[in-house]
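Report on the following structure.
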Protein chains: 2
Amino acid sequence: MKNKIKKSAINLFYKKGYFATSMSTIAKATGIRKSSIYHHYSTKEEILLDIFRTTMNDLQDALRTRLDAAAGARERMQAAIYCHIIFHIERQKEAIIADSELRGLTAKNYKEIIQMRDDYEKKIQRVLEEGVAEGVFVDLDIKVISYAILSMCTNVCTWFKKSGRLSKEDVAGICSVFILKGLASS
Amino acid sequence: MKNKIKKSAINLFYKKGYFATSMSTIAKATGIRKSSIYHHYSTKEEILLDIFRTTMNDLQDALRTRLDAAAGARERMQAAIYCHIIFHIERQKEAIIADSELRGLTAKNYKEIIQMRDDYEKKIQRVLEEGVAEGVFVDLDIKVISYAILSMCTNVCTWFKKSGRLSKEDVAGICSVFILKGLASS
DNA sequence: GTCTATAGATGGATAGAC
DNA sequence: GTCTATCCATCTATAGAC
């Protein structure tokens, strides 16, 4: 049941946003009364936090697995781009929530999630540093470029349409070629 | 006074988000009672719409001016990147609102703003097409690459810090070099 | 573990005096 | 053009029965 509530919340937060979604709407979508939700979650924010934790953890795990399986900065960057984009398409709803509902978290929870996001960014920045050290990437501003890459790959979840012209692998391929060309030292 | 209300709303929508901001909070920040707001705006949504219209119009105007002053696809793309990034830093608060509060608009207003955004995107896509036709840009997926470029340039407003290491021109320069390198045919 | 009922606060918006 | 006062809906959350 806890999972049914979470799924309803994901759909509603995705469609209407966190603050525009009420506990009674979540309850209705789940098929129970709103007071019953409080048996599983003590506050509305806890539902949001649960979604954040799951999403961020799964994203971290996916990246770790893909990075470990690749050798050399160029291949590792390509693996990271594919992984990030495909995750943000497959988990489109949660990705949009994780990307736009940070303001729904109070200080303590906010810090926890920001920490996870920072760790993730640092992994990408390390791959960029490796590439510069290996001489396969041109010398660049690691911070700005890492934000640029993550922004364009994250934002895919806002415009990608499953019924559209391109598959998720197509999009990952197009972005990957563009980014790696921009990074290349030669 | 209408402008004072708008400025308070911009600060609050930026800090807390549209749905988490109440009319009474806007009134308090403006130094009037909430009923007085309704003499200037008939609904809360109208305040948001006013912010959207102003921001989008100013952005459109800025791009038009900069594009008209540049010749050749490469220079025109560079002008667009600088223009877009510097606008999103100088008007950081409004840019974040315009980028994240679309769900606060009801159907009719939503369509109006989406139309403006689409027009803007098409201008960027036209520059990409020019570049491919001129042979200065590699043959690429215009739609995906235009979204990629706009995503990374728009998102600058979420991480840029005025007290930070880099000026807005620095950031525009770094992104511009990266993007133009990724686009170049040679 | 879900229910009915309700507390207690706050939301957007309006009426009418000045 | 701003004020006081208020309407009515809805919000998050809790109490206590079953």
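Computed from a predicted structure; not experimentally measured. Order of the sequence lines fixes the chain letters, A, B, ..., with proteins taken first and strands second; residue numbering starts at 1 for each chain.
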Answer yes or no: does a side-chain N or O of [X] lie under 4.0 Å from OP1 or OP2 of [N]?
X	N	result
Ser24(B)	dG11(C)	yes
His40(B)	dT2(D)	yes
Ser22(B)	dT10(C)	no
Ser36(B)	dC3(D)	yes

dT4(C) base to Ser35(A) side chain: any donor-acceptor pair below 3.5 Å? yes

Of the options dT4(D), dT2(C), dG12(C), whose atoms approach the side-chain atoms of Arg33(B) most closely? dT4(D)

Candidate nucleotides dT4(C), dT12(D), dG12(C), ranked by approach to the side chain of Tyr38(B) - the nearest: dG12(C)

Cation-pi between [X] and [Y]: NZ/CZ under 6.0 Å from ring centre and within 45° of the ring axis?
X	Y	answer
Lys44(A)	Tyr18(A)	yes
Lys2(A)	Tyr41(A)	yes
Lys16(A)	Phe19(B)	no

Classify [X] by what it touches in the nucleic acid, base, sugar-phosphate, or nothing, heavy-atom distance under 4.0 Å.
X	result
Thr25(B)	nothing
Thr21(B)	sugar-phosphate
Thr43(B)	sugar-phosphate

Length of the [atom1]-[atom2] vector between [X] and [N], whole Å:
X	N	atom1	atom2	answer
Phe19(B)	dT10(C)	CZ	P	20 Å
Ile47(A)	dA13(D)	CD1	P	9 Å
Ile37(A)	dT14(D)	CD1	P	13 Å
Met23(A)	dT10(C)	CE	C1'	17 Å
Lys28(B)	dG12(C)	NZ	P	12 Å
Lys44(B)	dA13(C)	NZ	C1'	12 Å
Lys4(A)	dG1(C)	NZ	C1'	13 Å
Ile32(B)	dA13(C)	CD1	P	15 Å

Under 3.5 Å: donor-acceptor pair, side chain of Glu94(B), backbone of Ile10(B): no

Starting at the 5' end of DNA chain D and moving along, which residue's nearest nucleotide shows up first, Lys34(B) or Gly31(B)? Gly31(B)

How far apart are the closest heavy atoms of Ala70(B) and Arg76(B), and which atoms are they? O-CG, 3.4 Å

